[in-house]
Amino acid sequence: MMTSPTPNSPSARVRIIASSQSWVEGEAVRQLEAVARFPGMRLAVGLPDIHPGKGAPVGAALASEGFLYPFLVGNDIGCGMGLWDVELAARKAKPERWAARLDLDGPWEGNTTAFLAEQGVESAGFEEALGTVGGGNHFAEVQRVDEVHDAETFASLGLREDRLLLLVHSGSRGLGEATLRTHVDRHGASGLADDSDDARAYLKRHDHAVEWGRANRALIAQRMLDGIGSTGRRVLDVCHNSVVSREVEGCTCWLHRKGAAPSDQGPVVIPGSRGALSYLVLPVGEGSASAHSLAHGAGRKWNRTTARERMRERFSAESLTRTSFKSHVICEDRDLLFEEAPPAYKAIDRVVTDLVEAGLVRVVATMAPVLTYKKRGNAHS
């Protein structure tokens, strides 16, 4: 059984967790309210990083009963953040030298089938992309500790102030796209009754893509660590694009997270733009008001077209390969360089402050960028 969104359906509860000082576009609010009218929707939460997406907002957690909506998860199923403790002192960082030799865009030369097996994941037919970052806002970033705010929690994670960290943001690459396409080709943007064969088939493919995305981040980290001549230990890995069955305010619901980090799986890293701090936070409270979810990043302030136009007027491409932290940015796709410029994003400190003031997180530490890997090749004006 399928159903389409109908404007006359009763609305779910709608909450936006953001202060009056936060930048929240009216179109993002309109999209959130529209999704709240979908059949079965019970709760629609916008986090402080909420911004307009393709038909539904990014930075949202959406709970529905009886129906699940693949298009709310989107095409990058399993996208998330992984953090690694790097076995290298921050004072030994050589970002300029590393930037000259790092290249993660080509296929990994190792045995992807064996690597996936070690991760407990089946091959999917997209293994040429395994270990690659991808486009958009994905990245792999070597970081240094800027400040520790909660020394006990920081130490409990086995972290040290004098060591480097590696943050990886990527997902399931072409596998997630193919999974969504299979659904859209048959059902468009319609939802699926959760007791249907189509829903069960989607969830099986979805769960595979989530695991593949986690393995992809692990291989990206391995390639980055090999490139800088070090080793590392995975500290955490959380997915922010998925749908899971979960109790939400007394309802056994399908919780769709579209650019929303989980608050029920331990510490989370909320990154800023490549020219801003990232925040390691510990979720606090019981989490129901936010649908057990948190912001997944700063969130876009300008769309990509606007960012390209404005940034070209203000900056040269070369100037955007360095940041105010004196960190290096590897991005040889000029359009992407302008689209992902730091001013195109909201202020991460405001986003995190909103979460703190809402009683959702405690800041454990902040990290500053040292070297951000975006993309090699495909350079164009």
Side-chain angles (χ1 to χ4, degrees), residues 5 11-19 22 24-25 28-81 169 171 191 194 203 206 210 213 238-271 281-300 346 351-352 354-361:
S11 288
R13 296 183 297 280
V14 177
R15 296 184 190 133
I16 297 180
I17 299 171
S19 69
S22 287
V24 177
E25 281 188 62
V29 176
R30 189 200 67 75
Q31 287 185 343
L32 188 68
E33 291 173 343
V35 170
R37 294 193 290 269
F38 286 11
M41 276 293 162
R42 296 291 176 262
L43 178 64
V45 175
L47 285 312
D49 59 335
I50 189 171
H51 57 280
K54 295 179 180 177
V58 180
L62 310 151
S64 60
E65 185 176 19
F67 297 91
L68 58 95
Y69 293 89
F71 103 95
L72 292 180
V73 179
N75 64 344
D76 199 5
I77 302 165
C79 187
M81 300 279 177
H169 174 207
D194 61 5
L203 287 169
H206 163 281
V210 168
V238 296
C239 168
H240 54 236
N241 278 11
S242 67
V243 58
V244 296
S245 177
R246 198 197 192 290
E247 175 116 353
V248 180
E249 295 193 336
C251 157
T252 300
C253 284
W254 292 103
L255 177 56
H256 307 74
R257 291 184 173 113
K258 177 61 173 174
S263 66
D264 51 5
Q265 296 174 28
V268 170
V269 175
I270 305 177
V281 302
L282 183 69
V284 296
E286 53 86 29
S288 62
S290 65
H292 308 283
S293 301
L294 303 170
H296 79 310
R300 293 197 73 89
K346 302 182 189 186
V351 168
V352 174
D354 283 359
L355 295 174
V356 171
E357 291 177 348
L360 299 178
V361 303

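In this chain, numbering begins with 1 at the start of the sequence shown.
Here the straight-line distance linking atom CG of D264 with atom CZ of R246 works out to 4.5 Å at 0.5 Å rounding. The SG atom of C253 lies 5.5 Å from the CD atom of E65; values are rounded to the nearest 0.5 Å. With rounding to the nearest 0.5 angstrom, the OG atom of S64 is 4.5 Å from the CE atom of M41.
Although no hydrogens or angles enter the test, the distance criterion places a donor-acceptor pair under 3.5 Å between the side chain of H296 and the main chain of G259. No donor-acceptor pair under 3.5 Å is formed between the side chain of K54 and the backbone N or O of G74. Remark: the backbone N or O of P57 is not paired with any side-chain donor or acceptor of H51 at under 3.5 angstrom. Using modelled atom types, no side-chain atom of N241 and backbone atom of K258 make a donor-acceptor pair closer than 3.5 Å. Side chain of Q31 to main chain of G53: a donor-acceptor pair is present (N/O by atom type, distance under 3.5 Å, no hydrogens or angles).
Side-chain contact between V14 and V29: absent, with no pair of heavy atoms (C-beta onward) separated by less than 4.5 Å. Inter-residue side-chain proximity for L294 and L360 is flagged as met; some heavy-atom pair is nearer than 4.5 Å. At a threshold of 4.5 Å between non-hydrogen side-chain atoms, the residues L203 and W254 count as touching. Within the 4.5 Å cutoff, the side chain of H169 has no heavy atoms near those of the P271 side chain. Side-chain contact check for I17 versus D354: every heavy-atom pair is 4.5 Å or farther apart. Side-chain contact between V244 and S242 is present, with heavy atoms from C-beta onward closer than 4.5 Å. With a 4.5 Å cut-off on side-chain heavy atoms, R257 and H240 do not count as touching. Using a 4.5 Å heavy-atom cutoff, the side chains of I50 and L32 are in contact.
Salt bridge R15/E249: present, at least one basic N to carboxylate O contact under 4.0 Å. The existence of a salt bridge linking D49 and R300 is excluded, since no basic side-chain nitrogen approaches an acidic carboxylate oxygen closer than 4.0 Å.
The aromatic rings of Y69 and H256 lie tilted to each other, with the angle between the two planes from 30° to 60°.
Closest non-hydrogen pair, A44 versus A12, comes out as N-CB, 4.5 Å. When all heavy atoms of P267 and L282 are compared, the pair lying nearest together is CG-CD1, 3.9 Å. Nearest heavy-atom pair across L72 and A56 is CD2-CB, 3.6 Å.
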